[in-house]
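Read through the structure below, which is laid out as C-alpha cells, and then see the notes.
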Amino acid sequence: MDPTYDPQKIESKWQARWAEEKLFESEVDAARKKYYVLEMLPYPSGDIHMGHVRNYTIGDALARYMWMKGFNVIHPIGWDAFGLPAENAAIKNQRHPSEFTFSHIDRMRGQLKRLGVSYDWRREVATCVPEYYRWNQWFFIRMFERGLAYRKKSRVNWCPSCETVLANEQVVNGCCWRHEETPVMERDLEQWFWKTTAYAERLLDDMKELVRWPERVLSMQQNWIGKSVGAEIDFPVNEIGEHLRIFTTRVDTIFGCTAVYLAAEHPLVEKLISFSEDPEKMRRDVEGVKASTARARAEVNFEKMGVDTGYTARNPFNGENVPIWVANFVLMGYGTGAVMAVPAHDERDFEFSVRHGLPVRTVIVPCDGEIPQVLKSAYTETGPNSKLVNSGPYDGLSSEKAIERMTREAEAKGFGKGTVQYRLKDWGISRQRYWGSPIPIIYCDACGIVPVPDKDLPVILPPEVKLTGQGQSPLASVPEFVNTRCPNCHGRARRETDTMDTFVDSSWYFYRYTSPHISTAPIDKDAVKYWFPVDQYIGGIEHAILHLIYMRFFTKVMRDIGLVDFPEPVARLFTQGMVIKDGAKMSKSKGNVVDPTAMFAKYGADTVRLYTLFAAPPSRDFDWSDSGIEGASRFLNRAYRMVAKYSSPPASGPARPTAQNGKSRWDLHQVSAEERRLIRKTHQTLRHVTEDLEGRWHFNTDVAMVMELVNELSDLEDAIEAGKIRPEILRDSLEILVLMISVFVPHTADELWEGLGHAQATLRVPWPDFDPELAAEDELEIPVQVNGKLRGRVRAAVSVDEAELRRLAQADEKVIQFINGRQVVKIIIVPQKLVNIVVK
RNA sequence: GCGAAAGUGGCGGAAUUGGCAGACGCGCCAGACUUAGGAUCUGGUCCCGCAAGGGGUGGGGGUUCGACUCCCCCCUUUCGCACCA
C-alpha cells in the first residue's frame with residue numbers, strides 16, 4: 001500500500017465505495033436489534049459550519065460503533081427547509097425562496113458527504129416539499145378536530161413603514177430590520193394556537209421517563225412549564241357590585257392582605273375607570289402605569305410603581321376592606337392578572353409597601369418564634385415549621401395545613417377554589433410569512449371556520465408570489481390561492497393566508513425518516529414501531545426548550561390519535577458544547593469563522609473529525625485552535641505510516657485472535673516481554689475505548705489512549721525489527737488499532753484495513769472484544785506514602801498479599817529515611833493501589 | 001435576585017469509585033538528520049531550589065491515614081430564568 005498518507009485520495013475512494021456498497025442503508029428487520037442515532041436536522045443556510053461537523057462526527061462515531069456491535073442502525077438526515085432567512089434573501093434578490101433553499105441543500109449535502117458521515121441518504125427529508133408539509137396540515141386538522149387548535153387575538157410586531165408583521169428576528173434594537181429608524185409597534189391579530197397547555201401535566205409527568213436526558217435540559221423544561229399550585233379567591237369590589245379574582249400560592253397569608261393589585265391591562269380596570277368620579281384623571285394615571293410597565297419590563301431592576309384607584313375590595317376570609325391598586329409589576333399574562341398584597345410575607349409586596357407607607361401585618365411566624373415588632377424584610381418561609389397568627393380561626397395551624405384547610409373552606413363557601421397555574425403558554429403557530437406550510441383552513445361566510453378535507457391535502461404553497469416584505473401576509477395577495485369554495489356548502493370562501501411556524505416541521509421529522517416516502521399517512525406505524533424510540537438524539541443545548549418540548553408535545557398528540565403507543569420519542573439526549581474560536585462564538589462579524597470545507601481541503605475530513613473529538617470532551621465548549629489541528633494531522637500521518645509499514649497480506653491461520661468466546665489466543669507464558677508489552681497496551685486501549693463508547697463519551701481520552709498505543713508501537717520498533725515480536729502478534733495489535741479508530745476516522749481506517757489484506761469495510765467487521773486477562777498488569781509499581789506524602793515506590797507482583805506489601809514498603813530505603821525511627825501508628829493498604837504508613 | 005454548570009501548567013485538557021496531580025496533544029527549549037525546514041526523529045518542559053527538599057488543582061475553613069474529588073463559607077466565569085404572586 002501507499003506508504004504516505006494522502007487523505008484526499010483515500011477519502012474520495014472510500015466515499016465512493018461506501019455509496020456503491022450501500023453500506024449505511026438499513027431496513028426493518030424484526031430478527032435484529034435496532035439502534036436509532038439521530039442528530040438535529042440542519043437549516044440549509046448554505047454551508048455547514050464547525051458546529052455541524054462536531055454534531056455529526058459525534059453521531060457518526062456512535063452509529064459506526066453500533067453497526068460494528070451488530071445492531072441494525074438507522075442514521076438519517078434531512079433539512080429544516082422552511083423559514084425566514086430564505087424568504088428575506090428572496091425579498092432582497094427578487095428570487096424565489098425555493099431557489100436558495102434547494103441550492104443550499106445541494107451544497108450542504110455535498111459537504112456532509114465530503115465529511116463522510118454514515119447517513120442512509122435514501123431517507124433524506126426536506127420539510128419544504130408538499131410530500132412532507134401536507135402532513136403538517138394533516139396534523140393541524142387532527143388538532144382542530146380535537147379542539148387543540150383554536151383562534152385568538154394575539155400580539156405581533158408591526159412595522160408601520162412596511163405595514164407588515166415582523167418576526168422577532170426582524171426586530172433589531174426595537175426597530176425594523178429594514179427601517180432602522182422606525183420603532184416597531186405592537187398589533188393584535190387573529191392567530192392560530194395549539195393547546196400545549198392541555199399537555200402541561202403530561203409533559204411534566206413523563207419527565208420521569210427521561211432518565212437519560214441531561215438534568216439541565218429537564219430543569220429548563222420544568223422551569224418553562226412552570227407549574228404552581230395555589231388558589232383563586234374572589235374579592236367583592238364594594239363600589240360596583242362585582243368581584244375580582246386573585247391567584248395566590250400562599251392563601252395561608254390572606255389575613256395579612258393589605259391591598260389588591262391589578263395589572264394595568266386587567267379588564268376590570270376599564271370598568272373602574274368608567275365608574276370613577278374623575279375618569280379622565282384615572283385614565284391618565286393608569287396609562288402612566290401601563291407605559292412604565294412596557295418600558296420597565298426591558299430593564300433589569302425596574303422601579304415598582306402603582307396608583308391607588310380609590311376603590312376597595314373585601315377580603316372574604318376576614319371581611320376587611322382593602323384598597324385596589326393598579327401596579328406595573330403585576331403580569332396580565334399569568335394567573336388572573338390580579339394579586340393580593342401581603343407585605344409581611346412577600347418580598348415585592350414588602351418593598352412596595354415600604355415605599356408607599358402601607359401597613360405591614362405579620363400573620364406567619366416560625367413555630368418557635370415570636371411576632372416581631374418591626375419586620376426588616378418579608379418572612380417568606382412556609383411549610384410545617386411556620387405557623388399562623390393574627391388569622392382568626394386558623395391561628396396556630398402550620399402554614400402547610402392552613403393552605404389545605406383554607407382552600408377547602410373557600411371552595412365550600414363558594415368564594416374560591418384550588419387551582420394550578422402554568423407558565424407554559426399555548427403555542428402560537430401562525431406566521432404572516434410565505435415560506436412555510438399553509439394552514440389548511442377555509443373561512444366561509446355561511447359555515448364559518450372549515451378545515452380542508454384530508455382528500456384535498458396538500459394545500460399547495462403557490463409558487464408565483466411577489467415577495468415585497470410589505471403589506472399583509474404574502475399569500476393574501478394571491479387571489480387564486482385565497483379564493484376557493486367551501487368544502488361544506490360549496491359557496492365562495494377564503495383560505496387562511498398565514499403559514500405555520502417552522503418548529504412544527506421539526507416536531508416530527510424524525511418519525512418521517514422511518515418511512516420517508518409513504519403517501520397515505522404521515523408515518524408507517526410498523527416502521528415506527530420497529531425503529532422507535534430514538535435511542536440517541538444529539539444536538540445543541542439551544543434547543544433545550546422550544547424544539548425539545550414541541551417534539552414531546554407532538555408525540556403525546558400522536559399517541560392520543562393512535563399513531564404511536566409510547567409517551568416519549570427520545571430515550572437518550574446528548575447536548576454537545578459549542579465550537580468557539582479565541583474564546584468567542586464563531587461569527588462572520590467577528591471574523592473568527594473556521595470554514596470546514598477549507599479544512600477538509602487542507603487536512604482531509606478525518607483529520608478535522610479527529611481534532612474535533614480530541615480537543616475537548618463533546619459536552620464542553622471547544623475552542624478551535626489552528627495549531628491544534630496540526631497536531632491531529634501529525635498523529636494521523638504517523639499512525640498511517642506505522643500501520644502501512646508493517647502491513648502485509650495476512651498469513652494463513654486463525655482469524656483475528658481477540659478474546660472471542662472469552663478465550664485469549666495468546667498464551668501469556670509463551671510470549672516475549674516485548675510481545676507482552678504490546679498485547680497489554682493494545683487491550684488496555686481497547687478496554688478504555690470500548691467502555692467509553694458505551695456511554696461515558698469522553699472521546700478526547702479515547703483518542704489520547706490510541707495515541708499512547710501508537711507511541712508504544714513506535715517505542716517497540718527496534719524490537720519489531722529485531723524479530724522479538726512475532727508478525728501475528730504485531731498484526732493483531734495493528735488490526736485492533738485500525739478497528740478502534742474506524743469509528744473516528746473511517747476513511748483512513750478502511751484504507752489501512754484494506755492494506756492489512758481485508759476486503760470488507762470496517763463497519764461490517766465485529767467490534768473486537770477486549771480481554772481483561774490480556775489487559776492486566778502482572779507487576780505493579782505501588783506508591784508508598786508516609787503520612788499521606790509520596791515517599792517511595794515498590795515493585796510487586798499483582799498477586800502480592802498485604803503482609804508482603806507491608807514488608808516491602810517498610811524495607812524501602814527512602815521510606816525508612818522518612819520514618820526515621822518514629823513510631824509507626826498504622827499502615828493503610830489499598831490493594832493493588834497504594835500503601836500509607838502513618839507515623840508519630 | 002433565583003437556578004444550574006464550571007474554575008487544574010504558557011494553552012486545550014487527563015485523573016471513571018476519596019488513593020502516584022498534570023495522561024494525551026499544542027506551544028516552548030535543546031539536539032539529530034538536512035543545501036534548506038513551517039518535514040521527520042530524539043530528549044526536556046507545573047513552580048521555587050545547584051541539590052536535598054519544599055510548594056502546588058480560584059480563596060478560606062473542615063472531615064479523613066490520605067481531598068482536584070466529600071462538607072461549609074467566599075470569589076470568578078458561563079448558561080438558563082428573571083417581578084410567575
Side-chain angles (χ1 to χ4, degrees), chain A residues 214-224 226-228 230 246-251 253 261 293 296-297 300-304 327-331 333-342 345-349 351-352 380 421-424 541-542 544-545 577-578 580 583 610-611 614-617 619-632 634-635 637-638 641 688 691-692 695-696 698 700-711 714 717 781-793 817 825-839:
Chain A
E215 195 55 49
R216 185 160 163 230
V217 171
L218 294 180
S219 77
M220 278 165 79
Q221 291 205 359
Q222 197 151 16
N223 202 332
W224 187 258
K227 177 179 181 174
S228 71
I246 60 102
F247 172 72
T248 179
T249 55
R250 292 295 306 277
V251 67
T253 64
Y261 302 146
T293 307
R297 282 277 147 78
V300 187
N301 279 326
F302 82 86
E303 201 179 320
K304 289 180 178 42
N328 68 346
F329 57 88
V330 180
L331 301 166
Y334 184 79
T336 59
V339 297
M340 66 176 186
V342 185
H345 306 294
D346 180 281
E347 275 161 31
R348 287 155 308 186
D349 296 344
E351 186 193 330
F352 193 80
T380 57
Q421 286 290 336
Y422 299 94
R423 270 151 95 169
L424 181 73
I541 186 72
E542 66 273 19
I545 297 178
M578 279 191 310
I580 58 180
L610 187 78
Y611 175 54
F614 178 58
S619 56
R620 296 246 293 246
D621 283 354
F622 152 34
D623 201 340
W624 181 276
S625 126
D626 290 328
S627 55
I629 192 170
E630 291 283 346
R634 233 165 0 226
F635 167 73
N637 270 286
R638 219 155 73 83
R641 284 197 308 268
H688 180 97
E691 285 174 355
D692 193 71
R696 202 171 84 112
H698 285 198
N700 55 328
T701 65
D702 301 349
V703 176
M705 287 290 285
V706 169
M707 285 173 170
E708 285 188 47
L709 174 57
V710 172
N711 290 345
S714 175
E717 273 202 277
E781 197 180 51
I782 294 186
V784 181
Q785 299 179 334
V786 176
N787 285 348
K789 291 205 176 253
L790 180 68
R791 295 304 183 190
R793 295 167 201 282
Q817 226 177 80
V825 181
K826 68 174 159 179
I827 299 180
I828 286 138
I829 296 184
V830 185
Q832 318 236 330
K833 275 272 167 66
L834 154 147
V835 179
N836 188 11
I837 301 172
V838 186
V839 297

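Per chain, numbering begins at 1; letters A, B, ... match sequence-line order.
Of the listed nucleotides (B:A85, B:G80, B:G19), B:G80 has the atom at the smallest distance from the side chain of A:M220. The A:F247 side chain lies nearest to B:A85 when the options are B:C65, B:U16, B:A85. When distances are taken from the side chain of A:Q785 to each of B:G27, B:G25, B:G19, the shortest belongs to B:G19. Among the nucleotides B:A23, B:G25, B:A14, the one closest to any side-chain atom of A:F614 is B:G25. Closest to the side chain of A:M707, out of B:A85, B:C20, B:C24, is B:C24. Listed candidates were B:C41, B:G25, B:A14. Nearest to the side chain of A:R641 is B:C41. In this structure, the nucleotide among B:A82, B:G13, B:A21 sitting nearest to the side chain of A:R423 is B:A82. In this structure, the nucleotide among B:A85, B:C24, B:G66 sitting nearest to the side chain of A:N836 is B:G66. In the set B:G12, B:C20, B:A85, the nucleotide with an atom closest to the side chain of A:A615 is B:G12. Listed nucleotides B:G19, B:G13, B:C81 differ in distance to A:N700; the shortest reach to its side chain belongs to B:G13.
Across the interface with RNA chain B, nearest-nucleotide mapping of A:D623 and A:T249 shows A:D623 to be the residue nearer the 5′ end. Between A:P617 and A:V830, the residue anchored closer to the 5' end of RNA chain B is A:P617, taking for each the nucleotide with the nearest heavy atom.
When the C1' atom is used for both B:C71 and B:U64, the distance is 12 Å, rounded to whole Å. Spacing between B:G27 and B:G53 at atom P, rounded to whole Å, works out to 35 Å. Comparing B:U57 with B:G9, their P atoms are spaced 10 Å from each other, to the whole Å. Taking atom P on both nucleotides, B:G58 is separated from B:G12 by 14 Å, rounded to a whole Å. With both ends at atom C1', the span from B:G18 to B:C70 equals 8 Å, rounded to whole Å. Going from the P atom of B:G3 to that of B:A82 covers 16 Å, rounded to whole Å.
Among the protein residues, A:D621 comes within range of the sugar-phosphate backbone only, with heavy atoms under 4.0 Å from sugar or phosphate atoms but none that close to a base. Counting any heavy atom pair closer than 4.0 Å across all strands shown, A:D692 reaches no nucleic acid atom. Residue contacts for A:G631: at a heavy-atom cut-off of 4.0 Å it reaches the sugar-phosphate backbone alone, with no base atom in range. As judged by a 4.0 angstrom heavy-atom cut-off over every strand, A:S625 is placed among residues making no nucleic acid contact.
Pairing analysis of RNA chain B (Watson-Crick: purine N1 to pyrimidine N3 plus N6-O4 or O6-N4; G-U wobble: N1-O2 and O6-N3; both under 3.5 Å) yields stems of 3 or more pairs at B:1-7 with B:75-81, B:10-12 with B:24-26, B:27-32 with B:40-45, B:46-48 with B:53-55, B:58-62 with B:70-74.
Summarising the geometry of A:R423 relative to A:W224, their closest heavy-atom pair is CB-O, 3.7 Å, with the distance given to 0.1 Å. Smallest separation of non-hydrogen atoms from A:R638 and A:S714: NH1-OG, 4.0 Å. When all heavy atoms of A:V330 and A:V339 are compared, the pair lying nearest together is CG2-CG2, 4.1 Å.
For B:A15, neither phosphate oxygen OP1 nor OP2 lies less than 4.0 angstrom from any side-chain nitrogen or oxygen of A:T701. Listed pair A:Y334 / B:A85 meets the phosphate criterion, a side-chain N or O lying under 4.0 Å from OP1 or OP2. Listed pair A:R696 / B:A15 meets the phosphate criterion, a side-chain N or O lying under 4.0 Å from OP1 or OP2.
One atom, CD1 of A:I545, and another, C1' of B:C79, lie 11 Å apart when rounded to the nearest Å. Rounded to whole Å, the distance from CD on A:E708 to P on B:G25 is 8 Å.
In this view, A:F352 and A:Y261, A:W325, A:F329, A:H356 satisfy the ring-ring contact (aromatic ring centres under 6.0 Å, His included) rule, not counting sequence neighbours. Listed by chain and number, the residues in a side-chain contact (heavy atoms from CB on, under 4.5 Å) with A:Q785 are A:L834, A:N836 (sequence neighbours excluded). Applying the ring-ring contact (aromatic ring centres under 6.0 Å, His included) test to A:Y611 and every residue at least two apart in sequence or in another chain returns A:F622, A:W624.
The backbone N or O of A:A341 lies less than 3.5 Å from no partner atom in the side chain of A:D346, so there is not a single donor-acceptor pair. With hydrogens and angles disregarded, a donor-acceptor distance shorter than 3.5 Å links the side chain of A:D621 to the backbone of A:M578.
Around atom CD of A:E215, no more than 12 heavy atoms belonging to other residues, nucleotides or ligands sit under 6.0 Å away.
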Which atom pairs, donor and acceptor, lie under 3.5 Å between side-chain atoms of residues 826-833 of chain A and protein residues at least two apart or in another chain?
from	atom 1	to	atom 2	distance (Å)
A:Q832	NE2	A:V798	O	3.1

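Base orientation at B:G22 is anti, since its O4'-C1' glycosidic dihedral falls outside 90° of 0.
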Return a single string for nucleotides 44-57 of chain B, one symbol per nucleotide in 5' to 3' order, where B is base contact, S is sugar-phosphate-only contact and - is none, cutoff 4.0 angstrom on heavy atoms. ----------SS--

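Summarising the geometry, atom OG1 belonging to A:T253 is positioned 3.5 Å from atom CE belonging to A:M340; distances are rounded to the nearest 0.5 Å.
A donor and an acceptor atom never sit less than 3.5 Å apart when one is taken from the side chain of A:H698 and the other from the base of B:U16.
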